[in-house]
Amino acid sequence: MTMTPRNAAQRNGIGMTSLRTRHSMVERLRASGIRKQEALDALAKTPRHLFLDEALAHKAYEDTALPIGKQQTISQPFIVALMTEMVLDSEIEVKKMLEVGTGCGYQTAVLAQLVNWVFTVERIGSLQCQAKALLPQLGYHNISYLNADGFDGWASNQPFDGILAAAAPQQVPTALLAQLRVGGRLVIPVGDRAVQNLRIITRTANGFAEQLREAVCFVPMLRGQTG
Ligand code: SAH
């Protein structure tokens, strides 16, 4: 990924990376069932092509996951929009969020447009460094970054109004439940490498309420922190 400063022309893109292509992606997301206008607006404003290697930029507005190095992938736009909608549709106002699995920072950028502050944790140091360099260049400044194991959440900044995980553990991490504010939602894919489902877990006054949702395909949530 190149790390030159981003000017307006680069943000707007040309041809397969143009604003028009991005807007047609958003119209397809709407047709696929994404209803929250704020989420669609945020995706419309986010230059996904700049989060990818130049060789893949022409595929940026197709609804697919793509490689970002280190055996990781940028999430599919439909799933980014769906999880964003799920985490924001809670009974409390979501101002402060935790994201587990920064990756290239695309989902982080979408969330940063919709809440006051995003705390994002990534276990792979080199991916975290790239996201931390790119996001401010694109104008997203309300983000704190941590290179650590997201199974542990980010205890010093809890509680969070919402938590979104972009990698799939086999069981829901207890630290994430503990760091969620009452009324807030944890949106997380749970399962093994073959079968995963999104879960929406809402913290209630006396426990947790869980909804099992779409089958999805995420990279595994792995223990430990690495370069
Ligand atoms: N939303 C990101 C998704 C990246 S893929 C994007 O669109 O780019 C999921 C990311 O989760 C990977 O970067 C992976 O390294 C990270 N991850 C996996 N296990 C983790 C853990 N325990 N803590 C933090 N990040 C983790």
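Just so it is clear, the values below take in all heavy atoms, side chains as well, and ignore hydrogens, waters and symmetry mates. Remember, it's 1-based here, ligands and their atoms both numbered in the order they're listed.
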Say you draw a straight line from CZ of Phe119 to CG of Asn142; how long is it, rounded to the nearest 0.5 Å?
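Result: 10.0 Å between the selected atoms.
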
Starting at CD1 of Ile34, measure out to CZ of Arg28 and round the result to the nearest 0.5 Å.
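Here the interatomic distance stands at 13.0 Å.
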
For Ala165, all residues meeting side-chain contact (heavy atoms from CB on, under 4.5 Å), sequence neighbours excluded
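In terms of side-chain contact (heavy atoms from CB on, under 4.5 Å), with neighbours along the sequence ignored, Ala165 is linked to Val100, Ile188, Pro189, Met221.
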
Ser126: side-chain contact (heavy atoms from CB on, under 4.5 Å) partners, not counting sequence neighbours:
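With neighbours one apart ignored, the set is Lys70, Ile124.
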
I'd like a table of donor-acceptor pairs (distance under 3.5 Å, sequence neighbours excluded) in which one partner is a side-chain atom from residues 176-184, with atom names and distances.
unit_1, atom_1, unit_2, atom_2, d
Gln179, OE1, Trp154, N, 2.8
Gln179, NE2, Asp152, O, 3.0
Arg181, NE, Asp161, OD1, 2.6

Assess whether side chain to side chain donor-acceptor pair (under 3.5 Å) is satisfied between Thr202 and Gln211, documenting all intermediate values.
CA-CA 9 Å; Thr202 305; Gln211 286 178 51; 5.4 Å; no

Provide, line by line, the atom pairs where ligand 1 and the protein bring an N/O atom each to a distance under 3.5 Å; else say none.
unit_1, atom_1, unit_2, atom_2, d
ligand 1, 7 (O), Ser75, N, 3.1
ligand 1, 8 (O), Cys104, N, 3.0
ligand 1, 13 (O), Glu122, OE1, 2.7
ligand 1, 13 (O), Glu122, OE2, 3.3
ligand 1, 15 (O), Glu122, OE2, 2.6
ligand 1, 19 (N), Leu222, N, 3.0
ligand 1, 22 (N), Asp149, OD1, 3.0
ligand 1, 22 (N), Leu222, O, 2.6
ligand 1, 23 (N), Gly150, N, 2.7
ligand 1, 25 (N), Arg123, N, 3.3

